[in-house]
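Notes for the one structure printed next.
Heads up: numbering here begins at 1 and tracks the sequence.
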Amino acid sequence: MINPQILEAIKKMPNVERLEMIEFALKLMREEMEKPKKLSLTAAAEIMHSYYETESSLTKFVDTCNEDFYEYQDYA
């Protein structure tokens, strides 16, 4: 949340200074977006872990049958 004092200071600024501040903030955002975010495999696995736990939203799509798929007679 933005500090109310900062908002009041922005309201008191002339439009030219407000635009300069907006341009500066956009420049910071663009620089941040251009930086590649590296994620280790360990961190990625930790992020995805909850999706693969029993009774998660992904496990309902898991085929629990142990037969090989190519041997199914009733597949579409």
Side-chain angles (χ1 to χ4, degrees):
M1 186 83 184
I2 298 177
N3 185 324
Q5 293 173 337
I6 295 172
L7 294 176
E8 284 302 315
I10 293 171
K11 287 179 185 177
K12 293 176 183 176
M13 288 180 177
N15 287 336
V16 173
E17 288 182 16
R18 287 184 194 171
L19 283 174
E20 288 174 353
M21 188 173 63
I22 291 169
E23 289 170 353
F24 176 76
L26 285 172
K27 180 183 174 193
L28 288 176
M29 290 175 63
R30 286 189 185 109
E31 288 173 359
E32 193 68 29
M33 290 169 48
E34 289 175 0
K35 292 179 185 176
K37 304 239 179 194
K38 294 186 178 182
L39 187 63
S40 71
L41 289 177
T42 304
E46 288 173 3
I47 290 169
M48 296 303 295
H49 182 264
S50 65
Y51 293 104
Y52 290 94
E53 290 177 341
T54 305
E55 303 298 322
S56 75
S57 59
L58 284 181
T59 57
K60 59 182 131 184
F61 298 108
V62 174
D63 183 6
T64 57
C65 181
N66 292 332
E67 296 177 25
D68 291 331
F69 176 75
Y70 62 87
E71 292 179 0
Y72 283 2
Q73 298 301 316
D74 60 348
Y75 63 90

For Met21 and Met13, the nearest pair of non-hydrogen atoms, with its separation, is SD-CE, 4.1 Å
Given 3.5 Å as the limit, does a donor-acceptor pair link the side chain of Arg30 with the main chain of Ala25, or not?
no
**Study point:** Crowding at CD, Gln5 (>12 non-hydrogen neighbours, <6.0 Å)
**Key:** no
### Message
Is the shortest side-chain heavy-atom distance between Leu28 and Glu32 below 4.5 Å?
### Response
no
Interatomic distance, CG@Asn3 vs CD@Glu8, rounded to 0.5 Å, equals 10.5 Å
Would you find more than 12 non-hydrogen atoms of other residues, nucleotides or ligands less than 6.0 Å from Leu26 atom CG?
-> yes
Taken in chain and number order and not counting sequence neighbours, the residues that satisfy salt bridge (charged side-chain N to carboxylate O under 4.0 Å, His left out) with Lys12 are none
